[in-house]
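Encoded as structure tokens, the structure appears first; notes follow it.
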Amino acid sequence: AQSVTQPDIHITVSEGASLELRCNYSYGATPYLFWYVQSPGQGLQLLLKYFSGDTLVQGIKGFEAEFKRSQSSFNLRKPSVHWSDAAEYFCAVGVSTAGNMLTFGGGTRLMVKP
Amino acid sequence: ETGVTQTPRHLVMGMTNKKSLKCEQHLGHNAMYWYKQSAKKPLELMFVYSLEERVENNSVPSRFSPECPNSSHLFLHLHTLQPEDSALYLCASSQDTGGYEQYFGPGTRLTVT
């Protein structure tokens, strides 16, 4: 079965600074990869997804993620963080097998300092 | 209306009450999901329906009873809940099971007193 690890539970960055959130997965083949964002008391919103092709994926709100097969990683990046980016971020993994569900990481809570 | 909607957004209930959570998706998807999200715990998958048939039930207590009358609607019937059941309950849908991205509703914040 696949698993997802987000090593950082909390991260604090200054507004305008760059951001990288880490995600590592465990699976034998190349899975489908996703990043979601959740604002307090809200549902999860899909930021971006990787199925195949170009390993650098662009998403909404200025986010991007890079799939690195050799490192089994799919890290999320943003060059300049805005105060409104403060939220919880979840990495998820899926495989293209009928009946297979997404596996979510434990989440990283991002705080933004003014 | 678009996306995934959930009602009510907030619910307070006593341990002896019976209530239901409702989810509706307007995306034409075939699969629907219930998740429980508690403070400081990972997202827990509760139930999965594909084409109105339950395909997953992750050892959820029987005081939670799902119902999927059609591919657009999903209910979670609640009875005799415990205070530890207080959480954010999230509904999601996807094109189908099998690794597709899921789209989430805003959730129902449930408090059991």
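Nothing here was measured: the structure is a model prediction, and the numbers come from that model. Letters A, B, ... mirror the listed sequences (proteins, then strands); counts begin at 1.
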Could you see if B:Tyr49 belongs to whatever hydrophobic cluster contains B:Val55? Use Ile, Leu, Val, Met, Phe, Trp, Tyr and a side-chain cutoff under 4.5 Å. no
When only pairs under 4.5 Å are counted, which of B:Val48, B:Val4, B:Leu88 shares the most heavy-atom pairs with chain A? B:Val48
Is it possible for you to say whether B:Trp34 and B:Phe64 belong to one hydrophobic cluster, with membership spreading through side-chain heavy-atom contacts below 4.5 Å? yes
List the steps and the verdict of side-chain contact (heavy atoms from CB on, under 4.5 Å) for B:Leu43 and A:Leu44. CA-CA 11 Å; B:Leu43 206 58; A:Leu44 278 68; 4.1 Å; yes
Check for me, please, whether B:Tyr35 and B:Leu21 land in the same ILVMFWY cluster - side-chain distances under 4.5 Å, paths through other members count. no
Starting from B:Tyr103, can I reach B:Leu76 by hopping between I/L/V/M/F/W/Y residues whose side chains sit under 4.5 Å apart? no
When you look at CD of B:Glu53, are more than 12 heavy atoms from neighbouring residues, nucleotides or ligands closer to it than 6.0 Å? no
Taking all non-hydrogen atoms of both residues into account, name the closest pair between B:Leu90 and A:Gln38 and its distance. CD1-NE2, 4.1 Å
Any idea which heavy atoms bring A:Tyr36 and B:Gln102 closest together, and the distance? OH-O, 2.7 Å
Are A:Phe104 and B:Gln37 packed together at the side-chain level, in the sense that at least one heavy-atom pair is separated by less than 4.5 angstrom? no
Whether the side chain of B:Tyr100 engages the backbone of A:Gly94 through a donor-acceptor N/O pair (distance < 3.5 Å, no angle test) should be reported. no
